[in-house]
Amino acid sequence: MDRRLISGFLPVLIYFIEPILSSDSCSRSYTFDDGGWFTDEDKLIAQAGPCSIPVRDVTLSQEEFLSQYAFTQPVIIKGLTQHQAFQDVCRKEAMLKKFGDKIIRLSSANTYSYLKYDVSLRYYVDSIMKPQTLDMMGNETFYWFGDNNHTEWEELFSLYKPPPYRLPGLTGVYSFGLAGAGTGVPFHFHGPGFGEVVFGRKRWFLYPPEEKPTFDPNKTTLHWMMEDYPKLSEENKPMECTINQGELIYFPDRWWHGTLNIDTSVFISTFLGPS
């Protein structure tokens with residue numbers, strides 16, 4: 001084969017292969033413990049993507065966290081969380097047995113104008129929670145993320161070990177959720193916080209406060225990823241990473257972020273606010 005043809009073809013090949021080889025998220029597309037929250041692979045539209053966010057492990061100290069990440073950029077932290085008791089109660093069979101009759105508050109998956117309504121956890125799992133499709137708009141999609149009554153859910157939250165990192169003058173409030181594959185919260189912002197996946201995988205997209213992303217507030221993150229994301233130039237793409245079971249992401253104050261559940265996912269966030 002002509003060497004000029006090979007040299008011209010090689011960069012194109014590298015363009016498509018390199019994200020797969022370099023992505024820590026993609027390389028971990030192994031069979032994992034789903035906690036009983038099984039998702040049929042034929043219904044998985046969203047996939048893990050590259051990771052452009054710094055990744056650290058348990059050696060990250062509080063001092064490094066404050067100086068390098070707390071106020072300036074997101075970070076993924078691996079190997080930090082070890083709470084088997086919390087994970088066990090989040091398994092499908094255990095959750096439905098313990099909490100199936102509890103009332104949870106669902107929110108619509110669109111930006112700015114969340115609609116809400118209350119159902120039992122069992123009804124949500126059996127009749128509402130399902131994989132997202134592209135013919136469903138965000139304001140028509142309801143799922144459970146937050147709005148937890150902390151008194152009623154004390155049995156669950158008491159088992160959770162929060163991230164060990166602190167921001168001066170701020171304390172954490174938990175937000176627990178469960179959602180089907182392909183669902184997610186479109187771009188929005190608020191105060192700083194941590195997000196952890198208990199079961200499943202969650203893909204995060206982030207922009208700094210001064211870079212407001214372009215998106216339709218009534219479309220889902222899945223719409224955005226399938227329709228808008230491929231059109232972005234390299235310099236306009238968000239920072240992103242897919243976090244897996246037991247991994248944490250930290251996002252600073254007022255950073256735009258959108259999330260996308262690759263599988264049926266159980267997750268918990270720690271939102272930081274004034275003490």
Should [X] and [Y] count as side-chain neighbours, where that means a heavy-atom distance under 4.5 Å?
X      : Y      : answer
Lys78  : Val55  : yes
Phe199 : Val197 : no
Arg254 : His190 : no
Ile249 : Ile53  : yes
Ser120 : Lys102 : no
Val89  : Leu159 : yes
Trp255 : Phe189 : no
Phe251 : Leu206 : yes

Contacts satisfying salt bridge (Lys or Arg N to Asp or Glu O under 4.0 Å) that involve residues 263-275 (not counting sequence neighbours) are Arg201-Asp263
| salt bridge (Lys or Arg N to Asp or Glu O under 4.0 Å) contacts in which one or both residues fall within residues 124-137, not counting sequence neighbours |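 Listed once each, the pairs would be none.
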Which residues pass the side-chain hydrogen bond (donor to acceptor under 3.5 Å, both in side chains) test with [X], sequence neighbours left out?
X      : result
Arg91  : Asp33, Asp88
Arg105 : Asp118
Tyr69  : Arg56
Thr264 : Thr39

Original post:
Are Leu44 and Trp37 connected, step by step, through hydrophobic side chains (Ile, Leu, Val, Met, Phe, Trp, Tyr) whose heavy atoms are closer than 4.5 Å?
Top reply: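 Hydrophobic grouping puts Leu44 apart from Trp37.
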Exercise. Side-chain heavy atoms under 4.5 angstrom apart, residues restricted to Ile, Leu, Val, Met, Phe, Trp, Tyr: same cluster for Met95 and Ile103?
Worked result: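 No, it is not one cluster - the side chains of Met95 and Ile103 are not joined through contacts under 4.5 Å.
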How many angstroms lie between [atom1] in [X] and [atom2] in [Y], if you round to the nearest 0.5 Å?
X      : Y      : atom1 : atom2 : value
Leu167 : Leu66  : CG    : CG    : 6.0 Å
Asn218 : Asp216 : CG    : CG    : 6.0 Å
Leu106 : Met129 : CG    : CE    : 11.0 Å
Met239 : Ile76  : CE    : CD1   : 8.5 Å
Met225 : Gln47  : CE    : CD    : 7.5 Å
Ser52  : Glu240 : OG    : CD    : 5.5 Å

Next item on the list: Look only at the side chain of Glu247 and the backbone of Asn244, and say whether a donor-acceptor pair between them is shorter than 3.5 Å.
Entry: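 Yes, the answer is positive, given that a donor and an acceptor are paired below the 3.5 Å cut-off.
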Practice problem: Using modelled atom types only, decide if a donor and an acceptor are shared between the side chain of Tyr165 and the backbone of Leu60 within a distance under 3.5 Å. | Solution: yes
### Message
Could you check whether Trp204 and His257 have their ring centres less than 6.0 Å apart?
### Response
yes
Set of side chain to side chain contact (heavy atoms under 4.5 Å, CB included) partners for [X], sequence neighbours left out:
X      : value
Ile45  : Leu222, Met226
Thr221 : Pro186, Phe205, Leu260
Ser61  : Glu63, Glu64
Leu96  : Lys92, Leu121, Arg122, Val125

Minimum-distance pair of heavy atoms, taken over all atoms of [X] and [Y]:
X      : Y      : result
Cys90  : Val198 : CB-CG1, 3.9 Å
Phe267 : Trp144 : CZ-O, 3.9 Å
Thr171 : Pro274 : OG1-O, 4.0 Å
Tyr229 : Arg203 : OH-NH2, 3.7 Å
Trp256 : Pro209 : NE1-O, 3.6 Å
Gly200 : Ser265 : CA-OG, 4.0 Å

| task | Please identify each residue that fulfils salt bridge (charged side-chain N to carboxylate O under 4.0 Å, His left out) with Lys98, with sequence neighbours left out. | result |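 Partners of Lys98 under the salt bridge (charged side-chain N to carboxylate O under 4.0 Å, His left out) test: Glu155.
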Return all side-chain donor-acceptor pairs below 3.5 angstrom for residues 173-185, not counting sequence neighbours, or 'none' if the list is empty.
| unit_1 | atom_1 | unit_2 | atom_2 | d |
| --- | --- | --- | --- | --- |
| Thr183 | OG1 | Gly180 | O | 2.6 |
| Thr183 | OG1 | Asn261 | ND2 | 3.0 |

Check your understanding: Distance only, no hydrogens: is a donor on one side chain within 3.5 Å (strictly under) of an acceptor on the other, for Glu196 and Tyr160?
Key -> yes
Should the pair Tyr250 and Phe194 be assigned to parallel (<30°), tilted (30 to 60°) or perpendicular (>60°) ring geometry? tilted
| message | Would you call the rings of Tyr207 and Phe187 parallel, tilted or perpendicular, taking 30° and 60° as the class edges? | response | tilted
ask   = Is the CZ atom of Phe71 crowded by more than 12 outside heavy atoms at less than 6.0 Å?
value = yes
Taking everything shown except Glu210 itself, do over 12 heavy atoms lie less than 6.0 Å from its CD?
-> yes
Checking side-chain contact (heavy atoms from CB on, under 4.5 Å) for the pair Phe86/Ile268: CA distance, chi angles, key distance, verdict? CA-CA 11 Å; Phe86 178 75; Ile268 186 168; 3.9 Å; yes
Is there a side-chain contact (heavy atoms from CB on, under 4.5 Å) between Phe157 and Glu152? Walk through the geometry before answering. CA-CA 10 Å; Phe157 289 142; Glu152 291 187 6; over 6 Å; no
### Message
Using side-chain contact (heavy atoms from CB on, under 4.5 Å), reason through Lys202 and Ile262 one step at a time and then give a plain yes or no.
### Response
CA-CA 6 Å; Lys202 185 186 289 284; Ile262 306 300; over 6 Å; no
